[in-house]
Amino acid sequence: MRHVAGGKPVALTEQYEGSHLAPQWSPDEAVIVFEADERRWIVTPFPGDRRELEGATGSGGLSWSPDGSRIVYPRDSELLVRPYVGGEERVLVTTHEPHSPSWSPDGSRIAFVAGNWQHLYSTFVPGNIAPSKLWIVPADGGEAVAVV
């Protein structure tokens, strides 16, 4: 990270093993959540201030609710939602390879892709050669609808 006015860049994640994927600023811009080695971590813009997002294991991206109170993320064949602080995770959808969730600006829906998540991080095959679909599910639960 580097201040927009200039200065020396600060590496916020250099102490983590593996690839650092899917960074997301919280809506209040206080913390960043990212993935490393099948775990999700929380860092602040201050070096050394980090902690694990307990229980939010897996990979395939994550997204903050617009008010910053909840996060959504995939694990295995499930798309899960949970409060950012405290509370239990809840399964929104069970499907084939969910990944890349994104919360709607009004907080009512979550879009995600199902299928072919490995391609996101592949450098060997150009283009999406495996079947995948874009879905939308109500953020409070309900039936997912294929969009594309």
Side-chain angles (χ1 to χ4, degrees), residues 1-2 4 9-45 49-148:
M1 185 180 84
R2 186 170 89 189
V4 293
V10 176
L12 299 178
T13 64
E14 66 186 350
Q15 69 271 32
Y16 298 93
E17 296 292 324
S19 297
H20 306 153
L21 307 170
Q24 292 283 321
W25 278 99
S26 61
D28 65 1
E29 300 178 357
V31 299
I32 301 167
V33 177
F34 72 98
E35 298 175 4
D37 284 343
E38 298 284 319
R39 295 163 70 188
R40 292 183 172 95
W41 297 91
I42 301 166
V43 294
T44 70
D49 187 7
R50 67 180 175 99
R51 60 188 159 92
E52 186 174 357
L53 186 56
E54 294 293 330
T57 59
S59 63
L62 64 138
S63 182
W64 293 91
S65 62
D67 66 3
S69 66
R70 297 181 289 171
I71 58 169
V72 61
Y73 52 92
R75 180 186 313 126
D76 300 323
S77 62
E78 297 176 328
L79 189 65
L80 304 130
V81 66
R82 65 175 271 186
Y84 170 57
V85 178
E88 297 292 318
E89 66 186 15
R90 181 172 50 88
V91 176
L92 281 179
V93 174
T94 300
T95 188
H96 180 67
E97 298 179 335
H99 62 87
S100 307
S102 182
W103 223 291
S104 65
D106 68 0
S108 67
R109 296 175 308 274
I110 297 168
F112 66 96
V113 178
N116 196 26
W117 73 267
Q118 291 93 345
H119 174 73
L120 290 177
Y121 310 115
S122 171
T123 58
F124 304 109
V125 181
N128 187 350
I129 62 170
S132 59
K133 289 183 181 179
L134 176 64
W135 296 82
I136 294 180
V137 64
D140 292 327
E143 189 172 337
V145 176
V147 178
V148 175

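- With rounding to the nearest 0.5 Å, the separation of CD1 in I71 from OG in S26 is 11.0 Å.
- Contact detail for P98 and F112: the closest heavy-atom pair is CB-CD1, 4.2 Å.
- The shortest heavy-atom contact between D28 and V31 is OD1-N, 4.5 Å.
- Rounding to the nearest 0.5 angstrom, the gap separating the CZ atom in R90 from the CG atom in L79 is 10.5 Å.
- The structure places OG1 of T44 at 8.0 Å from CD1 of I32, a figure rounded to the nearest 0.5 Å.
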>> For a side chain to side chain donor-acceptor pair (under 3.5 Å) check, start with the C-alpha distance between E89 and Y73, then their side-chain angles and the critical distance, and finish with the verdict.
In response: CA-CA 10 Å; E89 66 186 15; Y73 52 92; 2.4 Å; yes

> Can V33 and L62 be said to form a side-chain contact (heavy atoms from CB on, under 4.5 Å), step by step?
Replying inline: CA-CA 8 Å; V33 177; L62 64 138; 3.3 Å; yes

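- A distance of 4.0 Å separates CH2 in W103 from CD1 in I110, rounded to the nearest 0.5 Å.
- Here R82 contributes atom CZ and E88 contributes atom CD; the two are 8.5 Å apart, rounded to the nearest 0.5 Å.
- Looking only at side-chain heavy atoms (C-beta outward), I42 and Y84 come within less than 4.5 Å of each other.
- Remark: side-chain polar atoms of R75 are not paired, donor with acceptor, to backbone N or O of G60 under 3.5 angstrom.
- Salt bridge D140/R70: present, at least one basic N to carboxylate O contact under 4.0 Å.
- In plain terms, the two heavy atoms of D106 and P66 that are nearest each other are C-CG, 4.3 Å.
- Across S102, P27, S69, a single residue satisfies side chain to side chain contact (heavy atoms under 4.5 Å, CB included) together with W64, and that is P27.
- Looking only at distances, no side-chain donor or acceptor of W135 sits under 3.5 Å from a matching main-chain atom of A114.
- Side-chain atoms of D76 do not come within 3.5 Å of backbone N or O of E78 as any donor-acceptor pair.
- Side-chain atoms of V43 and F34, non-hydrogen and from C-beta on, do get closer than 4.5 Å to each other.
- For the pair E35 (side chain) and G61 (backbone), a donor-acceptor distance under 3.5 Å is present.
- Across V81 and A139, no two heavy atoms sit closer than the pair CG1-O, 4.5 Å.
- With values rounded to the nearest 0.5 angstrom, R40 atom CZ is found 10.0 Å from L21 atom CG.
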